[in-house]
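Heads up: the structure comes next, in structure tokens.
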Amino acid sequence: MIDLKLVQKDFDTISKKLQRKGVSSELLEELRLKNEELKKAKSNFETLQALQNSMSKEFGVYKREGKDISELKARVDANKLVITEALDIQRQKQEALESLAMAIPNIPDDSVPDGEDEEDNIELVKVLTPKKFTFTPKEHWELAENNGWIDFERGVKLATSRFSASFGMGARLERALINFMLDFNRSRGFEEVSVPQLVNRQALEGTGQLPKFEDDLYKMEGMELFLIPTAEVPVTNLFQDEILSVDALPKKMTAYTSCFRKEAGAAGRDTRGMIRQHQFHKVELVTIAHPDESEKIFDEMVSCASDILTALELPHRLVNLCTGDLGFGAAYTTDIEVWLPGQNTYREISSISNTREFQARRAKIRFKDGKKNRFVHTLNGSSLAVGRTLVAIMENYQHEDGSIDIPEVLKPYLGM
RNA sequence: GGACGAGUGGGUGAGUGGCUGAAACCACAUCCCUGCUAAGGAUGCGUACUGGUAACGGUACCGAGAGUUCGAAUCUCUCCUCGUCCA
């Protein structure tokens, strides 16, 4: 959540920065106004309440001393009516402010380039050179079906479109990739955690998926539980509403989970193959960091994900997301795009973000800095999306006859 | 699914309507004293918002939410979690 104090104190700067994310200064002005109204309503209520409290205390004294209370009671009763009304107003203001504030995105870092969409993202670096094929490389769905690795039709039969089933080496490769990624992340100092894949509303509000993006989440019928769209949600919220000690930081974690997304608004995009599925495997990195360290850890997380691709000998590039492509909660994001020769293009395989205090403020994750409690910084990133990695392996390791080599680093995981 | 019990500050735990933001003990921090198989003493020690340059105030929080009352950790209701017993 946005820092309301900052809005109050330095409106123009914040407004200018948020305009780059499409937040109008009118909306922000409304936020500031609502905040002031709430403050007023609050102080009004509290003054009345203080009066009530002190009269009530007197009440006790009167009773003990056996004094007549009828006059006092009349005063106290009258005040109570006023209080009830004041409280009502305060609640309304509170609600109005909150629903507005929760829908405002994070302030983009100054390093984030202006832009509309992914076209305007800025390439930072390319890693490994795509190899030249002597034939026209096939797209992954063809390879997957020819090798009997992935069955798209049977997946649809079981659920609906954008679901698939894996068989044989396809399924084994998925598992090998998950294990390889987890082990790799662990070697970089990320502790492995295993978390629920259903979470409540509070958790999703903490990381920013709610209240704005409910349409993209699968919700359990009849209860306030949602399938997670990313492990970022449960892992980050592990420390929700906690005050950590400084020496507990940073908490560097990695988790494998399935992820579930409705992909509302993605109709018609990537309908074939397993680039955009409703359910997919992902290994995630999450760090709860001291604010002074978050930049450094961000770089570590980017390297970690990039180095996994390098270990798999998959060409990729790093991209700095522009304002239009930047997510709701991120201050800045680096995407990693892997080379897909079948599609003859780079496609996103990882997205690493620093949300700074944005999520911490929502989820109330703090640490003790001497006497003071401060918000931590939270970071998250995929390392990596398993399905897309499999796609990249298929397309990059293919031969003309449609057979596919296995990356060296995965062989031990496959008993080879 | 049914019955009963419980949820209090970092931990243990007292508190059944006003003198309780909360005893006591432990832990922790600072200071003092002192040396012997270690301890003793003093003080401090929750969070959020808010007023004030500050000193120092105000409001809220005893699982969550709602209610009764002038006043609630304490009474009522709903929910959640944990424990024990039953199915």
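First the proteins, then the strands, lettered A, B, ... as listed; each starts at 1.
Contact annotation: A:Gln49 does not reach the phosphate of B:rG58 (side-chain N/O to OP1 or OP2, under 4.0 Å). The phosphate of B:rA48 has OP1 or OP2 within less than 4.0 Å of a side-chain N or O from A:Arg366. Listed pair A:Lys73 / B:rC70 meets the phosphate criterion, a side-chain N or O lying under 4.0 Å from OP1 or OP2.
Contacts of A:Asn53 with the nucleic acid, taken as non-hydrogen atoms under 4.0 Å apart, involve only primed sugar atoms and P, OP1 or OP2. Note on A:Lys40: nothing from the nucleic acid sits closer than 4.0 angstrom, heavy atoms only. Note on A:Glu58: nothing from the nucleic acid sits closer than 4.0 angstrom, heavy atoms only.
Interatomic distance, OG of A:Ser383 versus CZ of A:Arg188, reported as 10.0 Å (0.5 Å rounding). Atom CD of A:Glu26 and atom CG of A:Leu33 lie 12.5 Å apart (nearest 0.5 Å).
Which of B:rU59, B:rC70, B:rU47 sits closest to the side chain of A:Phe45 comes down to B:rU59. With B:rC49, B:rG71, B:rU59 as the candidates, the nucleotide lying closest to the side chain of A:Lys42 is B:rC49. In the set B:rC70, B:rG58, B:rU47, B:rG58 carries the atom at the smallest distance from any side-chain atom of A:Glu46. Taking every side-chain heavy atom of A:Lys368 into account, B:rG46 is the closest of B:rA60, B:rG71, B:rG46. Among B:rU47, B:rG71, B:rC49, the nucleotide with an atom closest to any side-chain atom of A:Ile243 is B:rU47. Listed nucleotides: B:rA60, B:rU69, B:rC49. Nearest to the side chain of A:Lys80: B:rU69. Distances from the side chain of A:Lys5 to the nucleotides B:rC49, B:rC70, B:rU47 place B:rC49 closest. Side-chain proximity of A:Lys39 to B:rC70, B:rU59, B:rU50: nearest is B:rU50.
Atom C1' of B:rA54 sits at a distance of 24 Å from the matching atom of B:rG21, rounded to the whole Å. For the P atoms, the distance linking B:rA55 with B:rU16 amounts to 37 Å, nearest Å. Taking the P atoms as reference points, B:rA42 lies 25 Å from B:rU47, given to the whole Å. Rounded to whole Å, the C1' atom of B:rU74 lies 11 Å from the corresponding atom of B:rU8. Of the P atoms belonging to B:rA14 and B:rG63, the separation is 14 Å, rounded to the nearest Å. Taking the C1' atoms as reference points, B:rC77 lies 10 Å from B:rU68, given to the whole Å. Across the P atoms, B:rG15 and B:rC36 are found 42 Å apart, a figure rounded to whole Å. Separating the C1' atom of B:rA60 from that of B:rA73 is a span of 14 Å, rounded to the nearest Å.
Here B:rU69 presents its P atom at 14 Å from CD1 of A:Ile83, a figure rounded to the nearest Å. The nearest whole Å value for the distance from the NZ atom in A:Lys57 to the P atom in B:rG17 is 18 Å. When rounded to the nearest whole Å, the span between CG of A:Leu48 and C1' of B:rG71 equals 16 Å. Rounded to a whole Å, the CD atom of A:Gln52 is 13 Å from the P atom of B:rU69. Nucleotide B:rC49 holds its C1' atom 14 Å from the CD atom of A:Gln8, rounded to whole Å. With rounding to whole Å, A:Gln94 atom CD is found 16 Å from B:rA48 atom P. A straight line from CZ of A:Arg91 to P of B:rU59 spans 18 Å, rounded to a whole angstrom. To the nearest angstrom, C1' of B:rC49 lies 12 Å from CE of A:Met1.
With the nearest nucleotide of RNA chain B identified for both A:Ala50 and A:Met55, A:Ala50 has the one nearer the 5' end. Mapped onto RNA chain B by nearest heavy atom, A:Val76 and A:Thr47 fall at different nucleotides, with A:Thr47 at the one closer to the 5' end.
Here the two rings, on A:Phe163 and A:Phe152, have centers that are 6.0 Å apart or farther. For A:Tyr218 and A:Phe226, the gap between ring centers reaches or exceeds 6.0 Å.
Across all strands shown, B:rC56 forms a Watson-Crick or G-U wobble pair with B:rG51, both key distances being under 3.5 Å. Applying the Watson-Crick and G-U wobble criteria (two distances, each under 3.5 Å), B:rU20 pairs with nothing in any strand. Remark: B:rU37 base-pairs with no nucleotide in the shown strands. Criterion, Watson-Crick or G-U wobble with two distances under 3.5 Å. Applying the Watson-Crick and G-U wobble criteria (two distances, each under 3.5 Å), B:rC75 pairs with B:rG67. Searching all strands for a Watson-Crick or G-U wobble partner of B:rA29 with both distances below 3.5 Å returns B:rU43. B:rA3 is paired with B:rU84 under the Watson-Crick or G-U wobble criterion, all donor-acceptor distances under 3.5 Å.
In this structure, A:Arg32 satisfies the cation-pi test against A:Phe11, with its NZ or CZ atom closer than 6.0 Å to the six-membered ring centre and inside 45 degrees of the ring normal.
Of the possible donor and acceptor atoms, one in the side chain of A:His278 sits under 3.5 Å from a partner among the backbone N and O of A:Arg261.
Residues A:Thr378 and A:Gln359 have side chains that bring a donor and an acceptor to within less than 3.5 angstrom of each other.
Applying the salt bridge (Lys or Arg N to Asp or Glu O under 4.0 Å) criterion to A:Arg356, with sequence neighbours excluded, gives A:Asp109, A:Glu295.
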